[in-house]
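Chain A is the first sequence line, chain B the second, and so forth, proteins listed ahead of strands; every chain is numbered from 1.
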2 protein chains.
Amino acid sequence: MNPPPAQPPSIDIQSLSRSCNQTLILSTLASGPHHGYQLALEIEGRSSGAFRFQHGTLYPILHKLESQGLIRGDWLEERSRRRRKSYRLTAAGRQYLKEQTAGWRDFFDRFFDVVEGRSR
Amino acid sequence: MNPPPAQPPSIDIQSLSRSCNQTLILSTLASGPHHGYQLALEIEGRSSGAFRFQHGTLYPILHKLESQGLIRGDWLEERSRRRRKSYRLTAAGRQYLKEQTAGWRDFFDRFFDVVEGRSR
DNA sequence: TACTATATATAGAGACGCGATATATTGAAA
DNA sequence: TTTCAATATATCGCGTCTCTATATATAGTA
């Protein structure tokens, strides 16, 4: 009999921070288009200040998500307003968000199994 | 009336990976002394292979935890055996583990509040 | 006029996990 | 007897990522 195959980690520990940031952003975009600055405010508000995005963190992530085709940004042209870029989820982004969310659920289950000794 | 003070994040997103690894190790040591190699095997087994420690990850973390006084390592001298270093939790480590575990619970709650839109 | 909030962008610094590599012993298989 | 795998610890360098700081620009308010 073969041993059960080892389960690959649902979320790569190496990229926990990146995945966390991406998932927070994508899930906020799931409720409708936002521009960058607005995303940071919304996430901060929704988490009662627990999750805060520095600008140097936020914009590179948005650029990367866009280059990966997970979100799409369009410049809004409004007079008497600083130009803003409105981001929205693509179909691929919506699918990716779904997978990431499931991955985080799985990660937490396994994590607390180990930490709280439920698997002993 | 003042707005409620923004809650600082329970677990720093920047150091999610580090905190995750530390907490997995400390919680395993809470059940008794282990040496490094044994820790990796135990955590891998307890998580059905989800959490795996590469050597280049494990040993630097152990050294750091020891230098911070959260764990203490003692060389075991046994003839006819490769030398092993047995680690155990210090009182400070036990306290730190408690805080980290609570922090992760809190992080988990807030994270899914945002991701699943419970705070909207 | 000056400051704050809005709004986006990037360069540089520091931290950290991982793969590769090194060293050493023991026991089992060929 | 030789070779291989498992046990056991350690470190270097690479790539990646977040943060701080800085730059730029506009609108509204004190």
Side-chain angles (χ1 to χ4, degrees), chain A residues 3 6 8-9 11-25 33-45 50-68 71-87 100 107 111, chain B residues 3 6 8-9 11-25 33-45 50-68 71-87 107:
Chain A
I11 298 277
D12 189 15
I13 291 193
Q14 187 181 194
S15 46
L16 266 191
S17 304
R18 195 192 59 206
S19 167
C20 174
N21 284 331
Q22 285 181 346
T23 306
L24 288 173
I25 289 171
H34 291 68
H35 61 266
Y37 193 82
Q38 192 184 8
L39 271 170
L41 293 179
E42 173 108 357
I43 293 171
E44 183 172 344
F51 300 125
R52 244 171 247 168
F53 280 89
Q54 307 299 327
H55 296 170
T57 304
L58 178 66
Y59 292 106
I61 293 177
L62 289 175
H63 300 160
K64 190 174 180 187
L65 288 173
E66 191 176 16
S67 78
Q68 290 174 144
I71 64 177
R72 186 180 140 184
D74 299 292
W75 285 105
L76 299 180
E77 290 305 333
E78 300 159 281
R79 53 207 161 296
S80 82
R81 256 257 173 232
R82 197 196 184 313
R83 76 200 208 290
R84 297 182 296 176
K85 199 171 183 180
S86 179
Y87 289 102
Q100 288 290 106
F107 168 79
F111 180 77
Chain B
I11 298 277
D12 190 14
I13 292 191
Q14 185 182 196
S15 46
L16 267 192
S17 305
R18 196 192 58 205
S19 168
C20 174
N21 284 332
Q22 285 182 346
T23 305
L24 288 173
I25 288 171
H34 292 67
H35 60 267
Y37 193 83
Q38 192 184 11
L39 273 170
L41 293 179
E42 173 109 0
I43 292 171
E44 183 172 344
F51 299 124
R52 244 170 247 165
F53 280 89
Q54 307 298 325
H55 298 169
T57 305
L58 178 65
Y59 293 105
I61 293 178
L62 290 174
H63 300 160
K64 191 175 181 187
L65 288 173
E66 190 176 17
S67 79
Q68 290 174 144
I71 64 177
R72 188 181 139 183
D74 299 292
W75 285 105
L76 298 181
E77 289 306 333
E78 299 160 280
R79 52 208 161 293
S80 82
R81 254 255 174 236
R82 191 176 184 333
R83 75 201 208 289
R84 296 182 297 177
K85 201 171 183 180
S86 178
Y87 289 101
F107 170 80

Under the side chain to side chain contact (heavy atoms under 4.5 Å, CB included) test, residues paired with B:Leu76 that sit two or more places apart: B:Glu78, B:Arg84, B:Ser86

Short side-chain N/O contact from A:Tyr37 to OP1 or OP2 of C:dT6, under 4.0 Å: yes

Short side-chain N/O contact from A:Asn21 to OP1 or OP2 of D:dC17, under 4.0 Å: no

With A:Phe53 via ring pair (Phe, Tyr, Trp, His ring centres under 6.0 Å) - residues at least two apart: none

What are the atom names and distances for every N/O pair under 3.5 Å that joins the protein to nucleotides 13-16 of chain D?
none

Side chain of A:Tyr59 (C-beta onward), nearest among D:dA8, C:dA7, D:dT18: C:dA7

Residues that [X] engages under side-chain hydrogen bond (donor to acceptor under 3.5 Å, both in side chains), provided they are two or more places apart:
X       : value
B:Lys85 : B:Glu66
B:Gln38 : B:His35
A:Ser19 : A:Gln100, A:Trp104

Between C1' of C:dT4 and NE2 of A:His55, the distance in whole Å: 13 Å

Interatomic distance where CZ belongs to B:Phe53 and P belongs to C:dG19 [whole Å]: 13 Å

Sugar-phosphate only, base, or nothing, as touched by B:Gln54 at under 4.0 Å among non-hydrogen atoms: sugar-phosphate

